[in-house]
Each structure stands twice: as structure tokens, then as C-alpha cells.
Amino acid sequence: MYNNRKECVAMLLAGGQGTRLGVLTQNVAKPAVPFGAKYRIIDFPLSNCINSGIDTVGVLTQYQPFELNQYIGNGQPWDLDRVNGGAFILPPYMRAKAGEWYKGTANAIYQNIQFIDRFNPNYVIILSGDHIYKMDYKKMLKQHKDTGADCTIAVIDVPIEEASRFGIMNTNEDGSIYEFEEKPKNPKSTKASMGIYVYNWPVLKKYLEMDEADKTSSNDFGKNIIPKMLENGEKLYCYNFSGYWKDVGTISSLWEANMDVLNPKSGLNLSDSTWKIYARNLAETPHYVGNNAVVKNSAISEGCYIDANIENSVVFKGAVIKKGATIKNSVIFNDAVIEEGAEVNFSIIGSNAVIGKNSKVGSKEGHCINGEWQIAVVGSNVELSENSVVTEKDMIGG
């Protein structure tokens with residue numbers, strides 16, 4: 001029965017609606033949102049898995065799954081097209097007696113107990129599909145084994161003024177967790193949960209079944225599973241992560257992460273050959289830069305036609321930016337068209353959008369208020385007529 005046994009199975013939560021991304025997630029799940037000129041957000045956890053030697057990944061989808069499912073396919077771009085293991089798309093499904101949508105993060109894993117049991121793993125690593133980071137899960141798993149933990153939670157140090165936005169771990173000197181606070185008003189530490197967990201599978205399975213039987217539960221790891229384990233005296237440890245990590249759940253943070261691609265001091269190095277980020281790439285012609293183009297500190301993907309001024313911007317495949325246009329501090333998604341004379345500043349332009357001649361999108365100066373950049377957004381397939389004006393923080397959908 002267990003000839004396909006795996007030491008560790010990854011479960012990647014990729015069903016998020018991403019409501020704070022507004023029109024960018026109107027028709028796609030958040031993990032399928034484009035990033036960094038040639039990637040999708042989900043490329044990062046998938047690449048981390050294969051680079052860490054984890055070759056069995058369940059991808060739990062729910063909201064607007066078609067594009068994400070199509071993108072992952074058989075897992076080949078990430079070397080996850082395996083006979084024994086590989087990538088598996090796991091949507092909610094009808095069972096013999098009942099079926100329902102995933103009610104929370106814990107319920108999503110609970111509904112896939114049978115899938116995990118198929119591989120009879122010692123450990124399960126729970127991942128989120130909406131973070132940009134590089135992480136060697138092998139190191140986290142090794143610490144988990146060395147400490148004899150039942151659960152290990154990856155944490156990152158955050159400024160104390162931001163700590164109330166996260167689940168915060170309060171720990172002893174040895175890293176063991178004695179208290180978990182979900183978004184506390186007065187945080188006692190700066191160890192913020194990254195939403196990455198390693199569990200001993202038999203222990204997690206027991207708690208998932210207990211949680212499902214509790215009709216008052218929110219069926220969530222942070223709100224229910226972790227507090228219950230602490231209450232029962234299980235061994236929980238934190239794993240301190242010090243590399244680049246960003247939750248790209250807001251327009252401001254998504255824009256910031258794309259700008260970090262252009263900043264060699266940000267810590268987000270996508271050219272590192274020792275830890276590659278893999279992606280599904282369609283065959284495109286090389287990008288073309290015309291006589292009128294001036295390009296500075298920008299990432300330009302294949303298949304683009306550029307005859308404009310571009311500075312400090314990220315431009316995805318197939319985008320057309322015509323003569324006399326100006327793009328600064330912006331992110332231009334796949335196959336968007338920026339017509340002649342248009343100005344785009346501090347903005348995100350969706351896939352297949354058309355910005356009409358002499359239109360003005362965003363603010364030239366760029367403003368950050370209470371830590372949030374005031375980014376203008378034009379959604380996918382939106383066509384702006386000539387001389388349109390989209391001011392900062394405006395969001396134009398279809």
C-alpha cells in the first residue's frame with residue numbers, strides 16, 4: 001500500500017480570492033497573479049519545494065481556479081511531473097455523503113487527509129501560495145527533527161509597529177513557543193508567523209479530526225489548531241528566517257515587491273543560479289527596442305515592442321509600448337498596449353489592457369501614506385479611450 005511512501009509532503013494553499021488586490025484578481029486566483037516580468041506568484045513556493053528536495057506537492061485550489069490549474073498543468077516546469085509524486089491539483093469535491101467548499105485553512109487540509117495518507121509521510125509542510133520568497137525547507141525540516149517538535153512555525157522579525165498585523169509567536173530562549181497571539185493589539189514580540197508550518201503528520205491528522213468535530217471552530221490553523229496544540233502541551237518551536245519575504249496581498253505590497261526585483265539591495269535576487277525560480281514560459285520572440293526608446297533600470301520580458309521611455313519598471317511578455325509614451329515606476333502585465341503619448345506612473349496595468357493615446361495614469365511623484373503606496377490600477381482587458389485620466393489609487397475594472 002505504501003510503496004510510494006514519502007518522508008515529507010507539501011500542501012500548498014492556493015485557493016485565495018485576494019480581494020485586496022481588487023480588479024487584478026477579478027478572474028484569477030491570487031497565486032496566479034503575474035509577478036516580476038515572467039513569473040506568477042505561485043512559482044516561488046513551487047520552486048522552493050523542488051529546490052528543497054520535496055517532490056510531492058498538493059495544490060489546493062478553490063477561487064477562480066481555471067487559469068491557475070492550466071498554468072500548473074502536470075508540473076513539468078518545476079520538475080514535478082513525476083511517476084511517484086509530483087504536483088496534484090486538489091479542488092473541493094463531492095464525496096459519497098457530502099461535499100463542501102474549503103471552510104478554512106485547516107478544513108482544506110482535513111478534506112485532503114486521504115490524499116496525504118496515500119503517501120504515508122512522517123511530515124507535512126503547509127505553505128501559502130501568495131508570498132514572494134526563497135526558502136530552503138530542508139533546513140526547517142532538519143530543525144524540526146532535531147528539536148523533536150510536533151509543529152515548527154517559520155517566523156520572520158518585523159518592526160514592532162507592524163507586529164499587530166501578524167500572528168505573533170512568544171517564545172522561550174530555546175525557541176519553543178509558549179503563546180501564540182493572532183494580530184495582537186499590544187504584541188509582546190516581533191516574531192511574525194510566515195504561514196509556513198511543518199507538522200508530524202500523525203499529530204496533525206489527530207488535531208484536524210478534532211477540529212472538524214468542533215462545530216464552533218473556524219477551522220483555521222492560526223485561530224484553532226495552533227492554540228489547541230499549545231493548550232494541550234504539544235511541542236511547538238519557531239524557525240527563524242532572515243531572507244527576503246513579502247506577503248503580496250495588497251496592491252501596495254505587490255507593487256513594492258515588483259520594484260524590489262529592480263533593486264540589487266532588496267535581497268530578492270532572481271538571477272541566483274544556485275536557487276532558481278522556475279516558471280511556465282510560452283515561446284515568444286525576443287523583445288524589440290526601437291529607435292525612440294530609452295530604457296533605464298527596468299525588467300523587460302520576451303515578445304515586447306518598446307519604442308518609448310521606460311524607467312524603473314517591470315514589463316511582462318508581449319506588451320506594446322508605443323512612441324512618445326512614458327512609463328515610470330510601474331508594472332505592465334502581459335500583452336498590455338500603451339498607446340502613443342500616454343503617461344503611466346506608479347501604476348499597475350493589467351493583462352491585455354489598452355491605455356489610449358495621451359492618457360495619464362497614476363501620479364508622477366508617487367505618495368506613500370501610512371506605509372501604503374497610492375498605486376493606480378487598470379484591470380485586465382480594460383480599454384481606456386484617448387486622453388483618459390486615472391488618478392493615484394484609482395482602480396478601473398472591466
Side-chain angles (χ1 to χ4, degrees), residues 11-36 39-46 48 59-65 67-68 71 102 104-106 108 126-135 153-159 161-168 182-184 187 190 192-197 218 220-223 241 243-261 266-268 277 314 331 333 346-351 368-380 393 395 397:
M11 298 295 280
L12 177 49
L13 298 166
Q17 185 173 350
T19 53
R20 291 179 298 168
L21 291 179
V23 297
L24 298 181
T25 50
Q26 195 168 11
N27 297 305
V28 298
K30 183 163 52 171
V33 168
F35 178 81
Y39 306 98
R40 305 289 183 112
I41 296 171
I42 200 168
D43 288 328
F44 287 80
L46 287 175
N48 287 340
V59 183
L60 285 70
T61 63
Q62 180 158 285
Y63 171 78
Q64 294 281 16
E67 190 166 337
L68 183 61
Y71 182 74
Y102 294 145
T105 53
I126 311 295
L127 306 171
S128 172
D130 50 11
H131 299 153
I132 301 296
Y133 68 110
K134 296 181 179 181
M135 183 176 179
I153 301 171
V155 299
I156 192 165
D157 245 352
V158 297
E161 59 271 16
E162 295 182 19
S164 60
R165 293 171 43 213
F166 298 91
I168 296 296
E182 182 71 24
K183 299 181 179 179
T190 57
S193 171
M194 297 168 65
I196 300 169
Y197 316 110
S218 300
D220 183 81
F221 279 102
K223 294 177 182 177
F241 179 73
Y244 182 95
W245 178 83
K246 189 177 284 288
D247 181 341
V248 288
T250 66
I251 292 294
S252 177
S253 61
L254 178 64
W255 177 85
E256 283 183 343
N258 274 280
M259 295 299 104
D260 286 340
V261 172
S266 70
L268 180 60
I277 301 300
V314 174
V331 183
F333 281 1
F346 289 91
S347 300
I348 299 176
I349 307 300
S351 302
C368 187
I369 301 174
N370 297 324
E372 292 287 314
W373 285 93
Q374 308 299 288
I375 303 302
V377 181
V378 177
S380 298
K393 211 175 182 185
M395 185 175 289

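Basis for what follows: all heavy atoms, side chains included, without hydrogens, waters or symmetry-related copies.
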Problem - ring-ring contact (aromatic ring centres under 6.0 Å, His included) assessment of F221 paired with Y197 - result: CA-CA 9 Å; F221 279 102; Y197 316 110; 5.4 Å; yes

Practice task
Report the C-alpha separation of V377 and K393 in whole Å, then their side-chain angles, then the decisive distance to 0.1 Å, and conclude whether the side-chain contact (heavy atoms from CB on, under 4.5 Å) test is met.
Solution key: CA-CA 7 Å; V377 181; K393 211 175 182 185; over 6 Å; no

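Taking each heavy atom of S266 and D260 in turn, the nearest pair found is OG-O, 2.7 Å. Annotation for A29 and A14: closest pair CB-O, 4.1 Å, computed over non-hydrogen atoms. For the pair T190 and P159, the tightest heavy-atom approach, listed with the atom from each and the gap, is CG2-C, 4.5 Å. A pairwise comparison of heavy atoms in G129 and P45 identifies CA-CG, 4.3 Å as the closest pair. In terms of heavy-atom proximity, V248 sits nearest to A257 at CG1-CB, 3.7 Å. Contact between A192 and V158 at its shortest, heavy atoms only, is CB-CG1, 3.8 Å.
Under the side-chain contact (heavy atoms from CB on, under 4.5 Å) criterion, N258 pairs with F35, L254, V314, F316, V331, sequence neighbours left out. E256 meets the side chain to side chain donor-acceptor pair (under 3.5 Å) test with K246, W373; sequence neighbours excluded. Scored by the side chain to side chain donor-acceptor pair (under 3.5 Å) test, E67 finds R40 as partners (sequence neighbours excluded). The ring pair (Phe, Tyr, Trp, His ring centres under 6.0 Å) check on Y71 picks up W78, with sequence neighbours excluded. Judged as a side-chain contact (heavy atoms from CB on, under 4.5 Å), and not counting sequence neighbours, the contacts of A376 are S347, V361, V390. Take E162 and apply the salt bridge (Lys or Arg N to Asp or Glu O under 4.0 Å) test, not counting sequence neighbours, and it matches R165. Every residue was checked against the side chain to side chain donor-acceptor pair (under 3.5 Å) condition with S252, not counting sequence neighbours, and none meets it. Applying the side chain to side chain donor-acceptor pair (under 3.5 Å) criterion to S351, with sequence neighbours excluded, gives no partner residue.
Side-chain atoms of N48 come within 3.5 Å of backbone N or O of F44 as a donor-acceptor pair.
By the 4.5 Å heavy-atom criterion applied to side chains, I132 and I41 are counted as neighbours. By the 4.5 Å heavy-atom criterion applied to side chains, L60 and M11 are counted as neighbours. When side chains are defined from C-beta on, V59 counts as touching I42, because their heavy atoms get closer than 4.5 Å. A 4.5 Å side-chain heavy-atom check between K134 and Y244 finds every atom pair outside the cut-off. Considering only heavy atoms from C-beta on, V28 stays 4.5 Å or farther from L68 through its side chain. Within the 4.5 Å cutoff, the side chain of K183 has no heavy atoms near those of the S164 side chain. Within the 4.5 Å cutoff, side-chain heavy atoms of V33 are placed close to those of T25.
Once rounded to the nearest 0.5 Å, the distance linking OH of Y63 with NZ of K30 reads 11.5 Å. Atom CD1 of residue I126 and atom OG of residue S128 lie 11.0 Å apart, to the nearest 0.5 angstrom. A distance of 6.5 Å separates CD of E182 from CG of D220, quoted to the nearest 0.5 Å. Taken from CG in L13 to OG1 in T61, the straight-line distance is 11.0 Å, to the nearest 0.5 Å. Atoms CH2 and CD, on W255 and Q374 in that order, are 11.0 Å from each other to the nearest 0.5 Å. The line from CE of M194 to CG of D247 is 10.5 Å long, rounded to the nearest 0.5 Å.
Between Y133 and F241, the two ring planes are perpendicular [angle over 60°; tilted spans 30° to 60°].
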